[in-house]
Amino acid sequence: TVFTLQYYAVDFPFGALFPISVEDGAGPVWNNEAVVAFTPGEDPHRWTKGRSLVGRTTGAIVNALCDWVVSEFTPSHPGYQLFDVL
């Protein structure tokens, strides 16, 4: 079974990468709301350089991963951040 787990901005690129609007005298308006999405299968057009098997797992492990994504990762990463500025 093949699936894709993605972390992406809901309003990409406008909102997350570029401000939605900049009004006169007001600052930029951002929307960096992020979600984690599970998609059965894969889009072969996105993986043009091939695939490599990196391991095998069980349904129990995948379920544990999905539980962790929902209960720990998503609440601690509510906003999409394309890069960090140090």
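Everything numeric here is computed off the predicted structure, so don't read it as measured data. Every heavy atom of this structure was used, including side-chain atoms; hydrogens, water molecules and symmetry mates were not.
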Out of curiosity, does Val10 fall in the hydrophobic cluster containing Tyr8 (side-chain heavy atoms, cut-off under 4.5 Å, transitive links)?
yes
Pairs under 3.5 angstrom only: tabulate donor-acceptor contacts from the side chains of residues 29-39 to other protein residues two or more places apart or in another chain.
from	atom 1	to	atom 2	distance (Å)
Asn31	OD1	Glu33	N	3.2
Asn31	ND2	Asp11	OD2	2.3

Tested for side-chain contact (heavy atoms from CB on, under 4.5 Å) against Cys66, the lone hit among Val62, Val69, Val70 is Val62
With sequence neighbours left out, what residues match Tyr7 under ring-ring contact (aromatic ring centres under 6.0 Å, His included)?
Phe73
My understanding is that only residues two or more places apart in sequence, or in another chain, count here; which of them pass side chain to side chain contact (heavy atoms under 4.5 Å, CB included) with Ser71?
none
With Ser76, which residues qualify under side chain to side chain contact (heavy atoms under 4.5 Å, CB included), at least two apart?
none
